[in-house]
Amino acid sequence: MADKYEQVIELAKRRGFLWNSFELYGGTAGFYDYGPLGAMLKRRVENIWRDIFVINEGYYEIEAPTIGIEDIFIASGHVGGFSDPLTECQKCNEAFRADHLVKDIMDNPDTLSADELTDVINKNSVKCPECGGKLGKVYEFNLMFKTSIGPGGKRAGYLRPETAQGMFVDFPRLVKFYRDRLPFGATQIGKAYRNEISPRQGVIRLREFTQAEAEIFIDPRDKTHPGFREIGDIILNLYSREGQDAGESTRMQIKEAVEKGIIAHEFLGYCLARTYQFLVRVGVSPDKLRFRQHMSDEMAHYAADCWDAEIESERFGWVEVVGIADRTDYDLKAHAKQSETELTVYIPYDKPKKVERFIVKPNMGILGPKFKGKAGKIASALKALKPQELAGDVIRLEIDGEPITIEKDTVTYESVSEEVHGETIIPHVIEPSFGIDRITYSLLEHSYYEEEAKEEGEDEETRIVLRLPPEVAPVQAAVLPLLTREELIKPANEIVKNLRKAGILVSFDDSGTIGRRYRRNDEIGTPYSITVDYDTLKDGTVTIRDRDTMKQVRAAMSGIAENIYDMIYRGKSFEDAGKKV
RNA sequence: GCGCCGGUAGUGUAGCGGUUAUCACUGAGCGUUGCCAACGCUUAAACUCGGGUUCGAGUCCCGACCGGCGCACCA
């Protein structure tokens with residue numbers, strides 16, 4: 001019996017959701033095309049994400065290039081750290097992690113450069129563990145796709161490995177856009193690229209994939225959230241650090257988890273709640289969803305707390321689909337350093353503060369001629385000193401390891417009293433990061449059902465139905481004349497026109513028996529089928545069939561578009577759409 | 001990247017040196033058809049790619065590509 005992944009992928013391929021990319025030329029691992037239905041489905045998922053994070057949370061979307069310049073990824077650590085040092089055996093061509101080969105010789109091999117690793121391997125005559133052959137030069141296999149910008153190949157560019165950096169790099173502009181007020185956030189939905197060594201698992205591990213990320217900049221001293229009360233009662237399936245040690249997850253209200261310190265703070269708890277609501281709304285089963293906290297050794301060293309949303313898949317087990325991290329001020333600091341630009345927000349105090357400030361004024365007229373090139377360094381060292389260190393007759397300093405003596409009268413200092421109206425701070429960043437492709441696959445898997453449908457006196461047969469939420473279903477309604485006859489086709493076309501005017505994606509199908517057409521639509525998840533029959537000509541009503549229950553109601557042909565629209569988008573129930581048949 | 005296994009119409013498959021590659025479902029067309037994969041007729045559609053062995057290769061051999069599993073890797 002085929003497993004669910006195969007069933008889902010088979011359907012997805014056959015009906016135009018997912019195709020292997022470049023199939024015509026044999027295909028390439030790690031790349032997938034979204035077919036007509038898949039692209040629409042994915043777009044609807046993205047739009048629900050927009051509804052939640054952009055429209056309702058107010059984190060505007062931006063669009064940065066998918067190619068980034070080298071500085072960005074030096075700052076982010078991707079140039080240096082997003083790679084593995086590899087060495088290949090000259091004899092058998094097997095590739096090995098160079099740092100793994102020397103870990104018995106060296107204490108911290110992962111801190112060495114490729115050249116240093118090559119030296120260590122040569123000096124210690126490390127041989128191929130497989131065949132004993134000589135090992136080649138160590139090289140860094142970076143997981144970023146590299147390219148060059150402009151002719152000549154001088155300027156390096158990289159396809160972005162995450163969309164996040166675009167938001168960090170635009171930080172100074174974003175601060176102004178949001179008129180210097182924290183918290184604020186920016187979002188981006190777009191492609192990211194990672195040159196995976198060996199991508200497998202279909203659409204779970206891609207070389208080109210879609211991320212939806214929010215970077216929310218908050219005041220590091222205040223990690224509460226004004227909307228927390230609204231979501232505090234939501235119960236989540238939490239798989240905390242302690243839970244993982246014990247091997248069990250707990251269902252708990254978010255407010256309780258924050259109170260107990262399991263979730264680091266309100267803001268993170270709030271993001272978990274919105275993430276939960278998003279995933280369930282697009283069609284992920286709540287019982288196949290959990291939030292797993294990163295273990296301390298798994299979390300990036302700078303992160304304060306990090307939770308992954310994981311979805312259970314039959315073949316792949318628990319799959320990470322969202323990462324929600326408190327990245328503190330790491331990214332902004334890194335870009336501030338690389339760009340030599342302050343990336344801060346000025347926060348005014350409620351009331352100006354009186355502060356005593358201690359000011360040191362080195363006399364550069366004396367220091368300059370005396371110390372020449374060192375004068376600058378000496379001056380800044382002096383400015384960092386405390387009053388008692390300046391009190392003696394001579395001041396002793398050490399500059400670049402060299403002791404230096406300064407005469408008392410070359411430095412003056414004083415204490416001044418000033419009013420300070422605010423301060424500049426480096427915001428902390430809360431980052432919810434979504435893998436849209438994994439989510440799209442997961443909701444297909446969770447929506448996929450095979451049912452034994454049995455009519456009286458007939459053989460058992462399988463009905464495949466995709467129970468997608470109506471809001472994400474690519475085709476939202478099918479219009480079906482009961483028979484292929486002109487007098488039924490005409491009103492059907494009328495209905496199609498009206499539905500399209502209302503923005504509903506509708507398919508018209510008059511080929512084959514009505515049963516076959518219902519099944520075709522069940523398979524692609526069309527939630528409602530509208531059938532035109534001879535009563536339509538008599539009294540202007542049509543039947544609406546519900547995909548999941550196969551039940552029907554009769555409703556007026558006039559106003560059908562609004563009727564369907566309300567069921568898809570406004571939570572109107574199927575029973576209220578018309579009279580039971 | 002390594003090892004093992006596999007790759008035949010849109011989908012699922014049969015064929016494992018010898019005419020025109022099997023079957024089912026699906027798709028399209030016509031007829032029929034009064035609500036859940038009806039029926040009849042017609043029709044479309046495949047040996048992953050490249051080399052080799054052979055009089056002759058889906059079939060045997062080698063390589064590449066793709067997929068599955070295991071190892072390694074996994075911000």
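All chains are named by letter (A, B, ...) in the order of the sequence lines, taking the proteins before the strands, and each is independently numbered beginning at 1. Only a predicted model underlies this, so the values are computations on that prediction, with no experimental measurement involved.
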Separation between the [atom1] atoms of [N] and [M], rounded to whole Å:
N	M	atom1	result
B:A45	B:G12	C1'	15 Å
B:A9	B:C4	C1'	30 Å
B:C47	B:C35	C1'	42 Å

Checklist outcome for this item: Heavy-atom contacts, protein to nucleotides 23-35 of chain B, under 4.0 Å, summarised as B (base), S (sugar-phosphate only) or - (none) per nt, yield ---SSS----BBB

Checklist entry - According to the interplanar angle, ranging from 0 to 90°, do the rings of A:His78 and A:Phe73 count as parallel (below 30°), tilted (30 to 60°) or perpendicular (above 60°)? => result perpendicular

Which donor-acceptor pairs under 3.5 Å do side chains of residues 317-326 of chain A form with protein atoms, sequence neighbours excluded?
from     : atom 1 : to       : atom 2 : distance (Å)
A:Asp326 : OD1    : A:Thr328 : N      : 3.0
A:Asp326 : OD2    : A:Lys223 : NZ     : 2.7
A:Asp326 : OD2    : A:His265 : NE2    : 2.8

Next on the checklist: I'd like to know if the side chain of A:Thr536 and the backbone of A:Thr541 have a donor-acceptor N/O pair within less than 3.5 Å.
Outcome noted: yes

Next on the checklist: Considering only residues two or more places apart or on different chains, which pairs with a residue in residues 156-166 of chain A satisfy side chain to side chain donor-acceptor pair (under 3.5 Å)?
Outcome noted: A:Glu70-A:Tyr158, A:Arg160-A:Gln188, A:Glu162-A:Gln165, A:Thr163-A:Glu213, A:Gln165-A:His335

Next on the checklist: Just to be sure I follow the notation: if a pair is Watson-Crick (purine N1 to pyrimidine N3 plus N6-O4 or O6-N4) or a G-U wobble (N1-O2 and O6-N3), each under 3.5 Å, what dot-bracket string does RNA chain B give, with | for pairs to another strand?
Outcome noted: (((((((..(((.....[....)))((((((.......))))))...(((((..]....))))))))))))....

Item to check | Gap between atom CG of A:Leu174 and atom CZ of A:Phe168 - 0.5 Å precision | outcome: 11.0 Å

Listing time: all N or O pairs from protein to nucleotides 3-9 of chain B that are below 3.5 Å?
none

Item to check | By side chain to side chain donor-acceptor pair (under 3.5 Å) - contacts of A:Ser21 (at least two apart) | outcome: A:Asp33

Checklist entry - A:Leu206 and A:Phe31: side-chain contact (heavy atoms from CB on, under 4.5 Å), yes or no, with the steps? => result CA-CA 6 Å; A:Leu206 295 171; A:Phe31 295 97; over 6 Å; no

